[in-house]
Amino acid sequence: MIVVLTGGTGGAKLVEGLAQILPARELTVVVNTGDDLEWWGLHVSPDVDSVTYALAGLLSTDRGWGGEGDTFDCLGVLRRVGRPAWFCSGARDLATHLIRTELLKAGKSLAEATEEIVRKFGVVATILPMTNERVETRIETPDGELGFQEYFVRERWQPEVRGVRFVGAQEAKPAPGVLEAIRDAEAIIIAPSNPVTSIGPILAVPGIREALRNSETAIAAISPIVGGAPVSGPAGALMSAQGLPVSVAGIAQSYGDFLNTLIVDSRDAAAAVDLHSLGIEVHCTNTIMKSAADKVELARTCLRVFAGARSAQSA
Ligand code: GDP
């Protein structure tokens, strides 16, 4: 079994590639829920939904989130009547939020609700939210603290970031199956996701980072920093706010206590030279996933890296 730790857009693309080359039952995806929000009374799990839609073949390739061909009429009406409509959720997406909220209200845990939704979408791979408890990523700005989606979507990640915290993480437990998946994995991949607000919340749930540190399985990460800058989104500002360099070295520092291999883009080869001194293997390749072929190729590279690590171990 291959286990992937991921956020939304970057990781969903990689997971889509892995699903093309692995039997579905061999894939377990542990997903960030620090981005979750309550929206018009509905429980929205943006990263879980992105991974689900990706595996169901429904993810919008243009946007990288939400369903392909979804419509936004509901938001249009809300806007026209002057009601909050800043969080972008398409009509089909709303159906997912309605179903999840109904399941949670009926007493199901987030993991149980996720499993039910995932199966309804015909996805066979396992998708696990990192925790059943509420963990909330909060962004500290000069004008006060914002919820992650307020910062990211409503404010279009423009405010200066002074700090990041994961409210509730200390009291949270890994969702059932998460620690077992890490323990039983043949290989673990940290997806090309924002290290602070996508992978950070997962690692903040007590027990998960320790399980990775104690794992004897090969662990590889794919850098979301390409050519010295994020491919998209606020990873740069968030990494700087955490005192991390915005580079492949910053990614290596984020995961250095458990990482074996960092897969970096070929254009970061020079910047990655020093990482060997941290005891991290570096593998250079194209890591930009634009086409379906790019996603599959990067997924194949991950499996080749693990096969190489296994044969080096047994030699
Ligand atoms: P979110 O949950 O949607 O905010 O997004 P993620 O954290 O999963 O993904 C955003 C991160 O993925 C950003 O830091 C991007 O730099 C990175 N990313 C997005 N697409 C790609 C890609 O094709 N290749 C690589 N290497 N990184 C990517």
Side-chain angles (χ1 to χ4, degrees), residues 4-18 29-37 44-54 59-66 87-89 93 129-130 135 137 139 147-153 155-157 161 164 189-203 220-242 244 246-248 250-251 254-255 262-269 271-272 282-299 301-302:
V4 184
L5 271 56
T6 187
T9 46
K13 291 190 277 182
L14 177 76
V15 165
E16 215 178 315
L18 285 165
V29 192
V30 177
V31 188
N32 169 43
T33 59
D35 290 11
D36 287 17
L37 77 158
V44 185
S45 267
D47 289 354
V48 171
D49 290 345
S50 291
V51 172
T52 306
Y53 299 157
L59 187 68
S60 163
T61 38
D62 294 345
R63 279 183 266 112
W65 54 267
F87 186 74
C88 298
S89 196
D93 220 7
M130 65 190 198
V135 173
T137 300
I139 308 293
F148 181 76
Q149 301 298 348
E150 290 171 330
Y151 162 74
F152 184 58
V153 181
E155 304 300 327
R156 297 169 198 269
W157 44 284
V161 179
V164 179
I189 302 173
I190 314 295
S193 297
N194 188 319
V196 181
T197 51
S198 286
I199 305 298
I202 303 178
L203 300 177
I222 298 165
S223 174
I225 300 294
V226 173
V231 177
S232 58
L238 291 160
M239 288 174 75
S240 297
Q242 300 295 83
L244 292 164
V246 183
S247 63
V248 290
I251 302 300
S254 305
Y255 310 139
L262 184 60
I263 299 173
V264 305
D265 199 87
S266 303
R267 67 194 92 165
D268 295 296
V282 173
H283 186 96
C284 300
T285 189
N286 168 46
T287 67
I288 296 292
M289 295 170 281
K290 282 209 179 105
S291 65
D294 295 336
K295 296 170 195 170
V296 170
E297 191 44 43
L298 190 54
T301 299
C302 291

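Just follow the structure's listing: the first ligand is 1, and inside any ligand the first atom is 1. What you see below is based on every heavy atom in this structure, not just the backbone, and it leaves out hydrogens, waters and symmetry mates.
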Within the structure, does Lys13 bring an N/O atom to less than 3.5 angstrom of an N/O atom in ligand 1? yes

So, using side chain to side chain contact (heavy atoms under 4.5 Å, CB included) as the criterion, who are the partners of Val164 when residues are at least two apart? Thr137, Ile139, Val161, Phe166, Val196, Thr197, Leu238, Gln242

For ligand 1, is any non-hydrogen atom under 4.0 Å from Asn194's backbone (N, CA, C, O), its side chain (CB onward), both, or neither? both

Please determine if Val231 has a nitrogen or oxygen closer than 3.5 Å to a nitrogen or oxygen of ligand 1. yes

With the threshold set at under 4.0 angstrom, would you say Gly233 reaches ligand 1 through any of its heavy atoms? no

Is there any N or O on Gly8 that sits under 3.5 Å from an N or O of ligand 1? yes

Which atoms of ligand 1 have any heavy atom of Ser232 under 4.0 Å away? 13 (C), 14 (O), 15 (C), 16 (O), 19 (C)

Can you name the atoms of ligand 1, numbered from 1 with element, that are less than 4.0 Å from a heavy atom of Thr287? 22 (C), 23 (O), 24 (N), 25 (C), 26 (N)

For Arg63, the side chain to side chain contact (heavy atoms under 4.5 Å, CB included) test, sequence neighbours excluded, returns Ser60, Trp65, Asp70, Phe72

Pro224 versus ligand 1: do any nitrogen or oxygen atoms come within less than 3.5 Å of each other? yes

The answer for which part of Ala12 has a heavy atom under 4.0 Å from ligand 1 is neither

Does any N or O atom in Ala235 lie less than 3.5 angstrom from one in ligand 1, N or O only? no

Flag Val226 as yes when one of its N or O atoms lies below 3.5 Å from any N or O atom of ligand 1, and as no otherwise. no

Modelled atom types, side-chain donor and acceptor of Asp47 and Ser50, under 3.5 Å: no

